[in-house]
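Notes to accompany the following structure.
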2 protein chains.
Amino acid sequence: MQVAPPDFDRMFGALADATRRDIVRRAIDAEEGVAELAEHYPMSFAAVQKHVAILERAGLVTKVRIGRRKVVRTNLEGLRVARRLLDQYEEVWRGRLGRMAQLVGEDRKEPPR
Amino acid sequence: MQVAPPDFDRMFGALADATRRDIVRRAIDAEEGVAELAEHYPMSFAAVQKHVAILERAGLVTKVRIGRRKVVRTNLEGLRVARRLLDQYEEVWRGRLGRMAQLVGEDRKEPPR
DNA sequence: GAGACATACAACCGTATGGTTGTATCGAGA
DNA sequence: TCTCGATACAACCATACGGTTGTATGTCTC
């Protein structure tokens, strides 16, 4: 079996909603089922269920059966995948600085006296 | 003037599109105007312009006039704001681990012999 | 000032998204 | 096995989104 490649569209799309971000935060404690989560928000159970499903497809949460409930648990590794992409941009940025220094010339590193 | 509070919906929403993420990456070098950017993608100039506008409203890029063009430059600080939110989740996670250890009891830190 | 290049913006179209209600499935307990 | 609590899923609706084309605004260059 293959590990699915990260789907950044889905990941960032899932994070682009305040309700879903709040679910992610709450589900770090991995204590609540879908119905319990739903009580925190001014919308129907079905709507929250959809949000959880979107987070699940994005790899940001998982559900584990406990008794007759399914407890939602955030998948830290998923969050890290997203974070890593942002880190990459930062690295490209530093690379740019390096290239600029080269273009300008080494001598700029130590100012002329 | 006030600094606008970060709008995570817009930020993550802007990042949830491969074309826009590519623009962010390209614009780190801050060399291309909108028209030049548009040449990289299989869509109209106007479509790319819209993508840039979305990134701009999300605070992820800025445009600076250079001659008759407007050069797109990615705003690293915007990316950092997004990254920081993901870091916060990580911190909450660590906090949870701390609380769990407390619940279980200190003695678990050093296993009985 | 005229012409050309670069950007901006409005109107429109198909599809995706976020919400609703209603119905079906599944697991636990009497 | 019957029932209840929890989850799942389908159908539907309004609005947002990603793309198009067409027109308007700026700004260099001659």
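In what follows, chains carry the letters A, B, and so on, assigned in the order in which the sequence lines appear, proteins first and then strands, with residues in each chain numbered from 1.
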Presence of salt bridge, B:Arg26 and B:Asp22, under 4.0 angstrom: yes
Nearest to side-chain heavy atoms of B:Lys70, which nucleotide of D:dC9, C:dT7, C:dT20: C:dT7
Selection from C:dA4, D:dG19, C:dC9 that lies nearest to any side-chain heavy atom of B:Arg68: C:dA4
Nearest-nucleotide 5' precedence on DNA chain C, A:Val48 against A:Gly67: A:Val48
Proximal nucleotide (of D:dT21, C:dG19, C:dT21) relative to the A:Ala47 side chain: C:dG19
For atom CG of B:Leu37 and atom C1' of C:dT7, their distance in whole Å: 13 Å
Atom-to-atom span, CD1 of A:Ile54 to P of D:dC9 - whole angstrom: 14 Å
Between D:dC13 (P) and A:Met43 (CE): distance, integer Å: 21 Å
Salt-bridge present (A:Asp87, A:Arg84; N to O < 4.0 Å): no
Touch class at under 4.0 angstrom, heavy-atom based, for B:Ala46 against every strand present: base
5'-most by nearest nucleotide on DNA chain D - B:Ile66 or B:Gly13: B:Gly13
Minimum-distance nucleotide (side-chain atoms of A:Ala35 versus D:dT21, D:dA6, D:dT29): D:dA6
Non-hydrogen atoms of B:Arg20 and B:Leu55 that approach each other most closely: O-CD1, 3.7 Å
Whole angstrom value for the distance that separates P of D:dG18 from CG of B:Leu15: 12 Å
Options C:dG19, D:dG26, D:dA6, nucleotide nearest the side-chain atoms of B:Arg65: D:dG26
Any A:Gln49 side-chain N or O less than 4.0 Å from OP1/OP2 of D:dT7: no
Separation of atom CZ in B:Arg57 from atom C1' in D:dA16, rounded to whole Å: 11 Å
Atom-pair distance (CZ on B:Arg69; P on D:dT25), nearest Å: 24 Å
Residues B:Arg80 and A:Glu90 bridged, charged N to O under 4.0 Å: yes
d(CZ, B:Phe45; P, C:dA4) in whole Å: 18 Å
Candidate list B:Val24, B:Leu15, B:Leu76, B:Val81, test side chain to side chain contact (heavy atoms under 4.5 Å, CB included), partner A:Leu86, passing option: B:Leu15
Short side-chain N/O contact from B:Ser44 to OP1 or OP2 of D:dG19, under 4.0 Å: no
Selected nucleotide, minimal atom distance to B:Arg20 side chain, candidates D:dG18, D:dT7, C:dT7: D:dG18
Nearest-neighbour nucleotide for the B:Val34 side chain, D:dA8, C:dA8, D:dT20 considered: C:dA8
Nearest-angstrom distance from the residue atom OH of B:Tyr41 to P of D:dG19: 12 Å
Value rounded to 0.5 Å, distance of CD1 in A:Ile66 from CD in A:Glu32: 12.0 Å
Of B:Val71 and A:Lys50, the one whose closest DNA chain C nucleotide lies more 5': B:Val71
